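Given the structure is predicted, the values throughout are model-derived calculations rather than measurements. Sequence lines set the chain letters: A, B, ... in the order given, protein chains first and strands last, and positions in each chain run from 1.
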Amino acid sequence: MFKKVLIANRGEVAVRIIRACREIGIPTVAVYSQADANSLHVSLATEAYCIGPNESSKSYLNIPAIISAALVSGSDAIHPGYGFMSERADFAEICKEHNIKFIGPSPESMQLMGDKATARKTMMSKDVPITPGTGILKNFEDAREAAKKFGYPVIIKATAGGGGKGMRVANNDNELEQNINLCRQEAEKFFGNPDVYLEKYLVNPRHIEVQIIADKYGNVVHLGERDCSIQRRHQKLIEEAPSPAVDDKTRQKLGEAAVRAAKAANYEGVGTIEFLLDKDKNFYFMEMNTRLQVEHGISEMISNVDIVREQINIAAGNSLSFKQEDIKLFGHAIECRINAEDPDRNFLPAPGEINGYITPGGFGVRVDSHVYSGYKIPPYYDSLISKLMCWAPNREEARRRMYRALKEYVITGVKTTLPFYQDLIENDVFVSGNFDTGFMNTYKKNK
Amino acid sequence: MFKKVLIANRGEVAVRIIRACREIGIPTVAVYSQADANSLHVSLATEAYCIGPNESSKSYLNIPAIISAALVSGSDAIHPGYGFMSERADFAEICKEHNIKFIGPSPESMQLMGDKATARKTMMSKDVPITPGTGILKNFEDAREAAKKFGYPVIIKATAGGGGKGMRVANNDNELEQNINLCRQEAEKFFGNPDVYLEKYLVNPRHIEVQIIADKYGNVVHLGERDCSIQRRHQKLIEEAPSPAVDDKTRQKLGEAAVRAAKAANYEGVGTIEFLLDKDKNFYFMEMNTRLQVEHGISEMISNVDIVREQINIAAGNSLSFKQEDIKLFGHAIECRINAEDPDRNFLPAPGEINGYITPGGFGVRVDSHVYSGYKIPPYYDSLISKLMCWAPNREEARRRMYRALKEYVITGVKTTLPFYQDLIENDVFVSGNFDTGFMNTYKKNK
Amino acid sequence: MKEIETNFIEKVIDIMKDNELTEVTLEDDERSLYIRTSGFTPVVEISEKEDVIQNELLPEIEKTEEEKKKVIPIVSNMIGLYFSKPSPIAQPFVQVGDRVKAGQQICIIETIKLMNKITADVSGTVKEICIEDGKPVEYGQTIMYIEQD
Amino acid sequence: MKEIETNFIEKVIDIMKDNELTEVTLEDDERSLYIRTSGFTPVVEISEKEDVIQNELLPEIEKTEEEKKKVIPIVSNMIGLYFSKPSPIAQPFVQVGDRVKAGQQICIIETIKLMNKITADVSGTVKEICIEDGKPVEYGQTIMYIEQD
């Protein structure tokens with residue numbers, strides 16, 4: 001096992017990783033920006049080093065500072081969490097050069113999955129269903145012919161894009177021409193690579209993702225799917241596991257496809273295969289997230305697997321501690337991301353001091369957070385206050401438990417998304433479970 | 001289902017019951033003493049009524065005030081929690097007279113199990129093993145003969161006693177005569193009933209209890225056992241489920257005996273059958289707790305059954321929502337009772353204001369509590385701050401998770417038992433799992 | 001601290017005026033003196049830390065103290081339902097403005113079908129009734145205020 | 001508020017002595033004056049709410065302000081290991097009491113095997129070195145204090 005793990009992250013995920021290390025018995029090193037001096041991850045870690053000023057670019061994205069902190073502290077592994085350095089193949093490469101284990105997949109796997117066109121090609125070769133699409137577009141004529149074949153709408157995507165950026169939908173030939181040009185320009189500007197490709201665009205599919213975990217010996221196990229269809233501007237708002245739209249048969253097919261996908265990428269570590277699911281229960285590979293996901297906790301709750309513990313375990317060279325047949329999914333879990341945002345003002349970030357804080361508790365309730373009464377939320381990073389997760393034997397009980405927990409949660413001093421979720425969780429369409437990625441376009445508050 | 005449930009209790013258990021009601025969708029009525037006006041159960045309930053001054057005798061034990069609050073608020077059921085009115089057959093009887101459902105067993109079952117000598121007789125008739133013992137002692141000669149037959153040490157118990165009161169051990173004839181007289185006097189004084197009986201005394205057995213739940217249709221299911229051997233002056237300090245000393249075969253026998261015991265008492269509701277387990281894995285019926293137990297949460301964590309929800313469900317006249325074969329126990333759960341007490345001063349209660357409060361969180365951690373930052377612990381009641389419970393797939397992981405959570409827990413302003421537990425959880429004997437009720441007699445702090 | 005003399009307070013107020021000060025707090029172990037001059041008239045508060053002092057020289061404070069003393073809350077010592085009259089068609093026991101004598105019945109609190117007769121602790125005039133007829137009343141809740149004779 | 005005059009402060013201290021008062025706070029919208037007499041010598045603090053006032057009449061406060069100005073912390077702008085000398089057997093770049101010039105090398109911070117030359121921002125005398133040789137230094141951590149000329 002590792003002698004010491006440096007956590008190159010902040011907030012709740014840094015706390016999550018420190019918890020796992022403490023439970024295994026590994027000393028931890030926190031790194032932090034000046035704005036985060038009073039954050040919980042700093043006090044919970046065995047050691048902590050300030051690595052830079054408030055701005056992420058000079059602290060949590062500052063590769064020399066992070067590596068220097070690892071060397072200074074004698075850390076033999078770095079856990080990148082999610083966001084920040086977690087999908088940076090170059091960072092993984094540098095860790096390797098310094099004999100520091102990057103807790104995540106190899107730089108090669110990351111690159112393979114990071115390049116969308118290549119990822120699609122790889123998936124196709126391993127029988128993982130993908131939406132009909134093209135390779136990198138050479139000219140407009142190719143694009144028009146492909147669009148005719150797939151049928152409009154189609155979506156133009158930058159090969160280097162991600163997280164909803166560098167994508168445009170076209171409903172006819174005119175839009176196609178226009179948007180290909182725009183997309184190229186943006187891709188060049190944001191990602192330094194103008195290559196784009198075309199895909200059949202599914203209108204309001206469900207966003208379904210499968211949690212996988214793979215060791216270096218080629219063993220891959222999936223922990224079932226999560227439904228993340230409810231999004232606002234490509235930001236997930238609420239996640240649940242399992243998906244109300246996935247039956248046992250589809251679940252098995254999804255899981256098997258996800259395992260094939262991970263094997264195709266020669267993947268090691270934890271990861272998520274994102275699929276789009278249409279009304280007829282056809283699913284299509286969308287992309288792979290080569291890191292721990294924000295919403296991993298709900299998969300933990302239905303599978304009883306500690307994903308972060310297992311992630312560290314396999315990064316240290318051990319083989320998976322379970323086989324696919326050991327995984328018995330039970331019950332239903334829902335997650336709400338409680339943010340310091342004003343839902344009445346277009347989810348405007350609302351940093352500030354939390355002056356009153358009472359977390360919900362009791363059976364089936366999990367809170368992952370880095371805040372406390374008196375904590376100042378800095379304005380420099382994301383506005384996540386906590387992840388509130390509720391488990392129960394079935395969806396309706398989990399939903400009611402979530403409602404109870406949301407009502408019990410007290411956060412004063414800053415605006416939060418609590419009232420938004422208290423409303424959402426009681427929304428008829430949400431209650432029915434019959435929703436898709438178009439949910440938020442038609443969502444109206446009850447009250 | 002009930003229209004409205006009044007919770008005749010305070011503290012964490014009142015909060016626990018309100019949570020269950022909220023999740024089912026039943027409005028709740030909190031009652032409180034003047035000292036508890038700022039307690040969480042008051043603000044979480046749908047309605048709240050002050051029923052008396054600080055002293056329990058004039059508030060939480062004040063039957064007319066509680067019944068009046070139920071009538072005033074239109075409650076059709078009363079949940080007594082644990083302690084206070086929970087084992088008072090007279091209170092259950094009065095509830096009945098007012099057409100209010102007492103959420104618990106019938107007064108008859110309570111009486112049957114409350115009288116220890118009768119309970120033993122009933123158990124014997126249903127093949128539930130009991131320690132060798134006598135009926136109510138008529139004279140000293142009978143006692144001496146019985147003691148000779150069982151072999152010393154023996155224990156003298158008041159039939160009306162409980163919770164460690166009204167019991168005395170004798171190691172020889174002299175002590176026997178002396179202690180029978182003392183015991184009679186005390187029993188007369190404390191319980192108004194001088195009757196005593198004799199039992200074989202087991203030296204340092206394990207304290208094992210089985211959680212059962214029974215509906216009014218005669219269905220009884222057990223949820224496995226808890227090990228509560230680590231006690232200080234008959235107060236449980238740490239509980240775990242399952243017991244490290246119970247193998248599958250013994251577990252099955254224990255469970256079956258517990259179910260027979262409940263059936264013998266014509267029992268309805270949740271209850272606990274306490275057994276003593278000797279070194280040779282023989283177990284003996286000790287007593288039945290005819291109520292929800294403080295430590296029910298760890299059974300919930302390994303069985304995935306919401307005990308309080310099910311308790312309310314069956315009290316409302318429904319049949320059990322599961323059968324014995326549906327119960328699959330998985331993993332291991334441990335509970336620490338975090339009290340406002342000074343472990344360095346003989347666990348002296350330490351009421352006062354909590355001025356800093358950060359609860360542990362994350363996977364497998366459950367906190368049941370009624371406190372918050374700024375809460376004043378009144379000096380009038382028990383000093384329980386919270387029940388910290390940790391679950392993991394196996395005992396060692398659960399223990400390490402508990403250690404992590406105990407280290408993460410911040411409570412400032414009052415002395416707490418946190419440091420005591422941080423030490424206890426790392427104690428070699430505790431780690432080994434090989435302990436008994438004599439544990440605390442030889443316990444020494446590590447540091 | 002010796003008795004605070006009025007001329008000392010006047011002196012401080014003079015100093016404040018001269019220097020356009022708006023607030024002064026003087027404090028020792030036993031008492032605190034607080035003077036604010038930002039309104040039309042200076043506000044002077046003297047408080048003894050153990051007990052409220054009686055000082056003829058401060059008539060405004062005296063008056064407030066006296067006022068408070070005179071209005072007595074009648075507090076329920078049980079939880080139940082409040083009834084202002086013996087039966088739905090009867091006249092209320094008392095109404096705002098009525099004079100009551102110590103020991104006179106002022107309402108009923110029903111607990112578990114038991115009609116508890118509630119009487120006034122003091123003689124005086126009913127100033128305010130705080131609970132609606134037929135509504136719940138909690139332990140410790142004020143039923144009405146009586147201005148004592 | 002007009003300038004606080006010393007004779008006003010003296011007057012207040014006199015009043016306090018006469019009345020055995022130990023503490024006085026005078027406050028308006030702009031300033032507060034706090035006087036405590038419970039020690040051997042009265043403590044006087046005047047603070048302007050916007051800014052610290054410059055007042056020749058209060059020399060003690062002036063001095064502290066001046067002292068603070070002169071001692072400059074040299075702060076690390078990177079995380080690494082602190083080295084006081086170019087090699088284990090060499091002499092330290094600077095020692096306490098040494099005079100340094102702005103731009104002069106004062107230590108090395110090693111980051112990822114890179115030896116970063118750290119120089120003084122100001123000229124002056126080394127008053128204190130805050131880090132042990134070979135130990136980690138964080139971003140924003142004070143390496144040493146230099147008393148500016």
Using non-hydrogen atoms only, which part of A:V305 is less than 4.5 Å away from chain B: side chain, backbone, both, or neither?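 For A:V305, the contact with chain B is made by the backbone alone.
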Is the shortest side-chain heavy-atom distance between A:V365 and B:V367 below 4.5 Å?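 No, too far: nothing below the 4.5 Å cut-off.
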Salt-bridge criterion met for B:E23 and A:R400 (N-O under 4.0 Å):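 No, this pair does not count.
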Give a yes or no on whether a salt bridge exists between A:R19 and B:E408, defined as a side-chain N under 4.0 angstrom from a carboxylate O.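 Yes, this pair counts.
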Interface residue of largest heavy-atom contact number with chain B, from [options], under 4.5 Å:
{"options": "A:E12, A:R366, A:R22", "value": "A:R366"}
{"options": "A:F363, A:Y372, A:W391, A:F330", "value": "A:F363"}
{"options": "A:N304, A:V308, A:T359", "value": "A:N304"}

Could you check whether atom CG of B:N318 has more than 12 heavy atoms from other residues, nucleotides or ligands sitting under 6.0 Å from it?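 Yes, the 6.0 Å shell around CG holds more than 12 heavy atoms from other groups.
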More than 12 heavy atoms of other groups within 6.0 Å of A:K376 NZ: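 It does not: A:K376 NZ has 12 such atoms or fewer within range.
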Segment of [X] engaging chain A (4.5 angstrom heavy-atom cut-off):
{"X": "B:I24", "value": "backbone"}
{"X": "B:Y357", "value": "neither"}
{"X": "B:R399", "value": "neither"}

Select, from [options], the one with the greatest count of heavy-atom pairs under 4.5 Å involving chain A.
{"options": "B:I307, B:D368, B:V371", "answer": "B:D368"}
{"options": "B:M402, B:R16, B:R309, B:M301", "answer": "B:R309"}
{"options": "B:G362, B:S369, B:G331", "answer": "B:G362"}

Say you draw a straight line from CD1 of A:I18 to CZ of B:R404; how long is it, rounded to the nearest 0.5 Å?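 One finds 11.0 Å between CD1 of A:I18 and CZ of B:R404.
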